[in-house]
Amino acid sequence: MAQAQFTTHHGMVDILPDEARKWQHIESVIRQTAREFHFGEIRTPVLEQTGLIARGVGELTDIVSKEMFAFQRGDDQYVLRPEGTAPVARSFVQHRLEQRGGVQKLFYIGPMFRAERPQKGRQRQFHQFGAEMLGSADPMADAEIIAFMATVYRKLGITNTVLKINSVGDPASRKAYKEALQNFFEPHQCHLSNVSKTRLTQNPMRILDSKEEEDQPLIEDAPVITDYLSEESLAHYTAVKRHLDALGIAYQETPRLVRGLDYYTRTAFELTSPDLGAQDALGGGGRYDLLIEEVGGQPTPAVGFASGMERLLIACEALGIPLGEASQLDVYMVTRGEEARNWALQHAPLLREKGLSVAMDYAGRSIKAQMKEANREQARFAVIAGDSELESGLFTLRDMAESTETALSFDEIRTKITPTLN
RNA sequence: GAGCCUGUAGCUCAGUAGGUUAGAGUGCCAGGUUGUGGCCCUGGAGGUCGUGGGUUCGAACCCCAUCAGGCUCCCCA
């Protein structure tokens, strides 16, 4: 491979036009879904203050402790955002969105950054779409958020997914549960893996989603959080499940589901796909009733989800779901001679005004080469212009699929060709 | 951060007892048709064999390092 002098950074990739078409398709499904659920788009900066992420996501999380792209400039600490929820929470507080009344419903699509070791379905710059509902503690909000996420996948035809849900409780129930876990694991400490041993003191709940084999038998018997939920949290959880049932959204209760971000309270969920290998999470989310306060706002209950675009692409590909048609070229203007090229350059806009896509040769190549290109680009029509056509005012309109030609004036051509739908 | 595997033309890949100017298919460009595509024929361009060292008379092939990718661990989207 001829090595380029400059290349993308480790774990960061270019998305070229063929690939970008797929992204556009997925994005349009997301935007359409957002419209149907009546969520407004929010676009926050890619750079945030490091303190916001550290506080919002949690100092002890992997994301903050070892995966941040952060730098200092002057007195300011910048970080490339590793996720979307903390920035949305910041924006909510900064712009006093609670003053607008009602529940704020926001969605976003954009790049996130984490300095992890790249592998399939995991990049250092990756893209997420997500949605947040701020200002509602109602279990219906949880159900709507999950429905939003599920709808995107359903529309795209990704059906072999599993929705896992759990409740991680409120602070009080979580405290009780953590103690119960510590009491349970402590006597068996010597049977735990090394990672889990350290988690025992720092964050015992994380032991539950350990993949270490030696931990599995113990995890099986570990106490279940649902037994430690406060009355309110249990009622909330029950209501969320009831609403999902009513919506016809299938789910799997997963008492051991714990998410890696600190801000979750009560509802936690994750959508997984068997097509993704080691990184099997398509998306996930939950309720974060304490985050807004944590980043300096009034106490505000909220719930949201985030989903990985790259993983969505992988899932589509695995299922053979076609994404994004090649853009249709309506007219290729084939020219011979400088005069004809000038004519084409000046008349192409008159076709484009009608919404037609129009291409021409910019390299002064032979008619044959231009026809070849028209064919490659799957043009519907070729308009051929040379000296004789310019003189007579009648141009050759060639239907590429039919291989038929007619002599028409430019006005007739302009009237005859109409844009293809889509 | 750790382990294993891979790295030859734009793309998919051949190419070891280490030995002269490194190959195929496809794509690209051109000619066959002096103004016309898709099929066919012919020709051409394109690779310092990921990069840097080392071993050797000689390395795409052996050794080391490095970079990039893949799979797994960790964790997450």
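Each chain gets a letter, A, B and so on, in the order the sequences are listed, and its residues count up from 1.
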Consider the side chain of R365(A), meaning its heavy atoms from C-beta on, and name the nucleotide among rC71(B), rC29(B), rC76(B) that approaches it most closely.
rC29(B)
If pairing means Watson-Crick or G-U wobble with both distances under 3.5 Å, then the partner of rC13(B) is rG23(B)
Remember a base hit wins even if backbone is also touched, and classify E83(A) as base, sugar-phosphate or nothing at under 4.0 Å, heavy atoms.
nothing
Between rC63(B) and rG1(B), how far is it from one P atom to the other, in whole Å?
26 Å
State which of rG35(B), rC71(B), rA30(B) makes the closest approach to the side chain of E389(A).
rG35(B)
Quick one: does Q370(A) reach the base of rU36(B) with a side-chain donor-acceptor pair under 3.5 Å?
no
Please verify the inter-ring angle class for F39(A) with F37(A); under 30° counts as parallel, over 60° as perpendicular, anything in between as tilted.
perpendicular
Drop me the distance from F126(A)'s CZ to E310(A)'s CD, to the nearest 0.5 angstrom.
8.0 Å
So, under a plain 3.5 Å distance rule, would you say the side chain of S388(A) forms a donor-acceptor pair with the base of rG35(B)?
yes
Just N and O in the side chain of H9(A): are any of them under 4.0 Å from OP1 or OP2 of rA68(B)?
no
What integer distance in Å separates E391(A):CD from rG35(B):P?
17 Å
Qualifying residue, where the test is side-chain hydrogen bond (donor to acceptor under 3.5 Å, both in side chains) with R266(A) and the options are S173(A), S233(A), S167(A)
S233(A)
With P as the reference atom in both, quote the distance from rG50(B) to rC13(B) in angstrom, rounded to an integer.
15 Å
Y78(A) vs F71(A) aromatic rings, parallel, tilted or perpendicular, using cut-offs 30° and 60°?
parallel
Tell me which of G121(A) and A379(A) sits closer to the 5' end of RNA chain B, going by the nucleotide each one is nearest to.
A379(A)
As a test of reading the structure: which of rG35(B), rC29(B), rG31(B) is closest to the side chain of K368(A), going by heavy atoms?
rG31(B)
Would you say the side-chain atoms of D361(A) pair up with the backbone N or O of R365(A), donor to acceptor, closer than 3.5 Å?
yes
When the P atoms of rC5(B) and rC64(B) are compared, how many Å lie between them, rounded to an integer?
11 Å
T8(A) or A306(A), whichever maps to the more 5' nucleotide of RNA chain B:
T8(A)
If I pick the P atom on rC4(B) and the same atom on rU66(B), what distance separates them, to the nearest angstrom?
13 Å
When you compare rG31(B) with rG37(B), how far apart are their P atoms, in angstrom units rounded to a whole number?
11 Å
Taking only the side-chain heavy atoms of R376(A) (C-beta and beyond), determine which of rA30(B), rG38(B), rC28(B) contains the nearest atom.
rC28(B)
Please state the C1' separation for the pair rU6(B) and rU51(B) - nearest whole angstrom.
16 Å
Please confirm whether the shortest side-chain N or O distance from R117(A) to OP1 or OP2 of rC73(B) is below 4.0 Å.
no
Partner nucleotide of rG43(B) by Watson-Crick or wobble geometry (both distances under 3.5 Å):
rC29(B)
Could you give the distance separating rU72(B) and rG58(B) at their P atoms, to the nearest angstrom?
43 Å
Out of D142(A), D170(A), T265(A), D138(A), which residue meets the side-chain hydrogen bond (donor to acceptor under 3.5 Å, both in side chains) rule with H236(A)?
D142(A)
Give me the distance, rounded to whole Å, that separates rG52(B) from rG7(B) when you measure between the C1' atoms they each carry.
15 Å
What nucleotide among rA77(B), rU36(B), rA30(B) has an atom nearest to a side-chain atom of I384(A)?
rU36(B)
So for E270(A) and rA77(B), does any side-chain atom that can act as donor or acceptor lie under 3.5 Å from a complementary atom in the base?
no
Nearest listed nucleotide, side chain of Q119(A), among rU72(B), rC76(B), rA68(B):
rU72(B)
Starting from P on rC74(B), measure out to CZ on R114(A) and report it in whole angstrom.
17 Å
Just how far is it from atom CG of D330(A) to atom CZ of R380(A), taken to the nearest 0.5 Å?
5.0 Å
Pair assignment for rA65(B), Watson-Crick or G-U wobble, requiring both distances under 3.5 Å:
rU51(B)
Just name whichever nucleotide pairs with rG1(B), Watson-Crick or G-U, keeping both distances under 3.5 Å, else none.
rC73(B)
Taking only side-chain nitrogens and oxygens of R122(A), does any of them come within less than 4.0 Å of OP1 or OP2 of rC71(B)?
no
So, is R336(A) near the phosphate of rG35(B), with a side-chain N or O under 4.0 Å from OP1 or OP2?
yes
